[in-house]
Amino acid sequence: MGSYKDVYENWKRDPEGFWAEAAKEIDWFKPATRILEEKNGLSRWYVGAETNSCWNALDRHVKAGNGDRTALVYDSAMLGRVKKFTYADLLDKVATFAGVLKSHGVEKGDRVLIYMPMVPQAAVAMLACARLGAIHSVVFGGFAAKELAARIDDARPKLIVSASCGLEPGRVVSYKPLVDKAIEMSAHKVNTTIVFQREMEEASLVEGRDFDWKDEMDKASASGNKPACVSVAATDPLYVLYTSGTTGKPKGVVRDNGGHMVALKWSMKNVYDIDPGDVFWAASDVGWVVGHSYIVYAPLFQGCTTILFEGKPVGTPDAGTFWRVIAEHGVKALFTAPTAFRAIRKEDPKAELLGNYDLSKFEVLYLAGERADPDTIQWAEKALSGRPVIDHWWQTESGWPMVANPMGIERLPVKYGSPSVPMPGYDIHVVDEAGKQVGPNTTGAIVVKLPLPPGCLPTLWENEAGFRESYLAEFPGYYKTADAGYLDEDGYLYVMSRTDDIINVAGHRLSTGGMEEVLAEHPDVAECAVIGIADAMKGQVPVGFLVLNAGVDRAVSEIEAEAVQMIRDRIGPVAAFKKAMVVKRLPKTRSGKVLRGTMRKIADGAEWATPATIDDPAILDEIASTLADAGLVKG
Ligand code: COA
Ligand code: AMP
C-alpha cells in the first residue's frame with residue numbers, strides 16, 4: 001500500500017488521476033467524460049458518468065455470487081432480538097420496497113422523508129430510494145414535530161416513511177403522532193405516508209393517506225413489482241441530510257451518487273482497513289451522517305457485514321452490551337462517539353464486563369463525532385488490552401473522514417488529543433481572521449483548500465447562495481469547517497472548538513441559536529442566551545439564561561420548567577436541554593453582543609477575564625453566582 005506520505009503526495013501531485021484510479025472500484029453504467037468540473041468555487045465529480053448507489057451496495061455483490069453473505073445484522077438490545085439479512089435477502093426487500101414507492105408515484109428526483117427508529121426497514125427505505133434515483137432525507141427520531149416540519153417544508157417530499165414507534169430505555173416513543181403533527185404544521189402538503197407498525201405500539205392510520213408497510217410489501221411482492229436500478233447521473237443527489245446551522249433553520253447537506261460511492265469505498269480499506277466479508281459496526285443512528293455513511297452505504301459498497309444496533313451503550317441492559325455485540329457478531333472494527341465510552345466507563349470503570357466476552361476478532365476502535373479526550377482514549381486502550389483506539393475528524397458536510405490515522409495504509413503513531421493527519425482530498429490549513437495561514441501550534445480557523453474531494457457536499461439543497469455564504473465566503477478559495485484548532489510541526493491536526501454557536505451534545509450537533517429562537521417565544525421572556533457547558537459524559541450540555549419581561553410576577557421555577565418543556569417540544573429530547581435559569585440581566589458588550597464565551601468559561605471553571613468592551617462588569621459576577629448556586633461551575 002505504500003506509506004501515508006507517499007499516498008498523500010501522490011494525491012497532491014495529481015488529484016484527478018488519484019480519484020480516477022479510485023473510481024475503478026465502482027460499477028458505472030456510463031463512464032465519466034470529466035473527472036472534475038469546477039465552476040465558481042463549486043466542484044462536481046465524475047461528470048457525464050451514470051451509475052446507481054443501490055446497485056453498488058447490493059446488486060453487484062449478488063451478481064458476483066456473494067448473495068449468501070450476511071449484509072446486515074439487526075441487533076436490538078431493546079428487544080433482545082437479532083435478525084440477519086444476506087445480500088440476496090436485503091436486495092429482495094429493497095427492490096420490493098422500491099416497488100411500493102413506485103406504486104405511490106415516487107420517481108427519480110422526488111424526495112422521500114424517512115423518520116424511523118433503528119430498525120432494518122430504515123436502511124431498506126434508504127436503499128429503495130437510491131434504487132429509484134429518489135432522494136432520501138432521513139430525520140433523526142429524537143427531533144420533535146416542529147423540526148420535522150421545517151425539513152418537510154425545505155425538502156418538499158412526495159412521501160414520508162415512518163414507523164409507529166421507537167424504543168428508548170423505559171419508554172416507547174410514539175413516532176406517528178409526531179409525523180401527523182408535522183404534516184399539519186408544514187406548508188408543503190404530504191399526501192402519502194407508509195408506516196411500519198411495530199408490535200409495541202400500533203399507530204392509527206388515516207384512511208387514504210397512511211399505508212401499512214407490511215400490507216404494501218405483500219402487495220408489491222405478490223405482483224412481482226420489483227423495479228430494477230434506475231440509471232442516475234453521478235452528480236445527481238442521493239440524499240439530503242439536514243444539520244444544525246447557526247440559526248433555527250437547518251442546512252440541507254446534499255450528497256451526490258458518484259463521488260460519495262468512490263470516497264466511501266476508498267475510505268473503507270484505506271482509513272478503516274476493512275475488506276469485503278469483514279464485520280463493521282458503526283454504533284450511531286441512521287439519522288446522523290455516521291449512520292448514512294458507515295451503517296448503511298460504505299460497508300455495503302465494500303461487501304461487508306454491517307451491524308444496525310438498536311440500543312444504548314449502557315442500560316440496555318448494561319455496560320457490557322457493546323462487548324456482547326462485538327463478540328456475538330465477530331465485529332472487526334467499531335466506530336462510535338467518545339461519549340459512548342465515557343458512559344461505559346462511568347458504569348463499569350474497570351471494564352469488568354468485558355471479561356465475559358470473546359473479543360478475539362476485534363481489532364480497532366474508531367472514535368469521532370466530538371473531541372476525543374485523551375483520558376477516554378487511554379481508558380479504552382487499556383480496557384481493550386492495547387488495541388488501537390483511533391480518533392478521526394469529519395462532519396456532516398464532508399461525509400467521510402477529513403483527518404484520520406489511515407489504518408489501511410499505514411498505522412501512524414497516535415498523538416493523544418489529535419485525530420492525526422489529513423486524508424487525500426483534503427489540503428487542510430489553519431488561518432487567522434484575515435485568512436492568513438498561521439504557523440505550527442498556533443490556533444486558528446480550520447479550512448480546506450478548494451476543490452473539496454468526492455463525497456463532500458456539492459451544495460446545500462436548493463440553496464447555492466446559502467452554501468457560498470456559509471462555507472466559501474469568509475475565506476476565499478477555501479471551505480470553512482467552522483472548527484478551530486491547530487496543526488503541529490508534524491502536520492497532526494488538533495480540533496479544539498467550534499467557531500460558531502454549534503455545540504456538541506453526546507456527539508450530536510446542535511445550534512444554541514436555534515434554542516434561543518425557541519426560548520424567545522416564551523411570552524414572559526424578554527431576552528435569552530443559551531450556552532454549552534462542559535459535561536463529564538456528554539461533552540457539552542446546553543444551559544439557558546432567561547431575562548423576564550418587566551412586571552412578570554409568576555413563580556420563576558414555573559417559567560424555567562416551561563422553557564425546558566418548550567425546547568423538548570419544539571426541538572426534541574435530543575437537545576438534552578434540562579436547565580433554564582432566570583437572571584436579572586445578561587452580560588453584554590457596549591455594542592449589545594451577549595458575552596456567551598465568557599459565560600461558558602465561568603461555568604467550565606476556565607480562566608476568564610472581564611472583556612474591555614463590557615457594558616457593566618457586575619453582571620458577570622451575577623452570572624457566576626447564579627451558575628454557582630445551581631451547582632454548574634466546574635473545578
Ligand atoms: N427517538 C426519540 N428520542 C430519542 C432518540 C430517538 N431516536 N434518541 C435519543 N432520544 C432521547 C432520549 O431518550 C433522551 O431523552 P430523555 O431526556 O427523556 O432521557 C434524549 O433524547 C437524549 O438522548 P441521548 O443523547 O441518547 O442521551 P441519553 O442520556 O439517553 O444517553 C448516551 C447518553 C451517552 C448513552 C448516548 O448519548 C449515546 O449512546 N451516545 C452515543 C453517541 C452517538 O451515538 N452519537 C451519534 C453520533 S456518532
Ligand atoms: P456532525 O456534522 O454532526 O458530524 O458534527 C461535526 C462536528 O463535530 C465537527 O465540525 C466538530 O466540531 C465535531 N467533531 C467531529 N469529530 C471530531 C473529532 N474527532 N474531534 C473533535 N471534534 C470533532
Side-chain angles (χ1 to χ4, degrees), residues 115-119 122 139-144 163 165-175 178 241-245 251 253 282-295 309-316 319 321-322 335-347 366-373 377 390-399 401-404 417-420 446 457 480-485 493-500 502-510 535-541 564 567-568 571-578:
Y115 183 66
M116 295 186 97
M118 285 292 284
V119 289
V139 180
F140 177 63
F143 282 118
C165 63
L167 302 175
E168 284 294 299
R171 71 189 165 109
V172 171
V173 183
S174 308
Y175 273 45
L178 296 176
L241 177 60
Y242 288 88
T243 187
S244 297
K251 295 180 189 167
V253 169
S284 179
D285 187 287
V286 287
W288 306 115
V289 70
V290 176
H292 280 62
S293 293
Y294 293 107
I295 295 175
F309 172 72
E310 184 179 40
K312 304 260 175 184
V314 292
T316 60
T321 302
F322 272 26
F335 173 170
T336 191
T339 192
F341 268 73
R342 289 197 295 267
I344 293 170
R345 180 186 182 177
K346 191 164 170 239
E347 297 281 308
Y366 293 96
L367 299 175
E370 56 173 329
R371 185 175 151 72
D373 51 293
I377 297 185
I390 305 294
D391 181 16
H392 59 318
W393 169 72
W394 52 294
Q395 49 188 193
T396 305
E397 289 84 346
S398 69
M402 297 192 277
V403 163
S418 167
S420 300
I446 304 170
L457 82 172
K480 179 176 86 171
T481 66
D483 279 328
L493 184 74
Y494 291 75
V495 183
M496 306 309 291
S497 60
R498 292 283 299 192
T499 59
D500 55 15
I502 301 292
I503 57 169
N504 200 310
V505 181
H508 309 320
R509 172 171 157 183
L510 296 159
D535 179 81
M537 187 171 37
K538 296 195 175 189
Q540 282 184 302
V541 287
V564 168
I567 300 276
R568 199 176 170 89
I571 295 178
V574 65
F577 184 88
K578 310 262 176 184

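Just follow the structure's listing: the first ligand is 1, and inside any ligand the first atom is 1. None of the values given here were measured: they were computed from a predicted structure. These numbers come from the heavy atoms of this one structure, side chains and all, not from hydrogens, waters or symmetry mates.
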Heavy atom of protein closer than 4.0 angstrom to atom 46 (C) of ligand 1: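 Yes, because at least one protein heavy atom sits under 4.0 Å from atom 46 (C) of ligand 1.
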
Nearest protein heavy atom under 4.0 Å from atom 20 (C) of ligand 1, yes or no: yes

Contact residues of ligand 2, where a non-hydrogen atom lies under 4.0 Å away: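 For ligand 2, the residues that come within the 4.0 Å heavy-atom cutoff are Val289, Gly369, Glu370, Arg371, Asp391, His392, Trp393, Trp394, Gln395, Thr396, Asp483, Val495, Arg498, Asn504, Arg509.
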
Any residue meeting ring pair (Phe, Tyr, Trp, His ring centres under 6.0 Å) with Phe577, in chain and number order, not counting sequence neighbours: none

Residue list, side chain to side chain donor-acceptor pair (under 3.5 Å) with Gln540, at least two apart or on another chain: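 So Gln540 forms no side chain to side chain donor-acceptor pair (under 3.5 Å) with any residue.
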
Contacts of Glu310 that satisfy side chain to side chain donor-acceptor pair (under 3.5 Å) - sequence neighbours left out: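 Result, side chain to side chain donor-acceptor pair (under 3.5 Å) vs Glu310: Tyr74, Ser76, Arg198.
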
Shortest reach to atom 39 (O) of ligand 1 by a heavy atom, considering only Pro169, Pro313, Ala340: Pro313

Pick from Asn504, Leu367, Thr339: the one approaching atom 42 (C) of ligand 1 most closely through a non-hydrogen atom: Thr339

Test item: Glu168 side-chain N/O and Val173 main-chain N/O as donor-acceptor pair under 3.5 Å: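 Not at all, since once roles are kept as given, no pair shorter than 3.5 Å links the two residues.
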
Glu370 side chain vs Gly539 backbone, donor-acceptor pair below 3.5 Å: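 Not at all, since once roles are kept as given, no pair shorter than 3.5 Å links the two residues.
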
Side chain, backbone, both or neither: Ala576 near ligand 1, heavy atoms under 4.0 Å: neither

Shortest protein contact, atom 2 (C) of ligand 1 (heavy atom only): Gly141 O, 3.5 Å

Close approach of Met118 to ligand 1, heavy atoms, under 4.0 angstrom: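 No; Met118 lies far enough from ligand 1 that no heavy-atom distance drops under 4.0 Å.
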
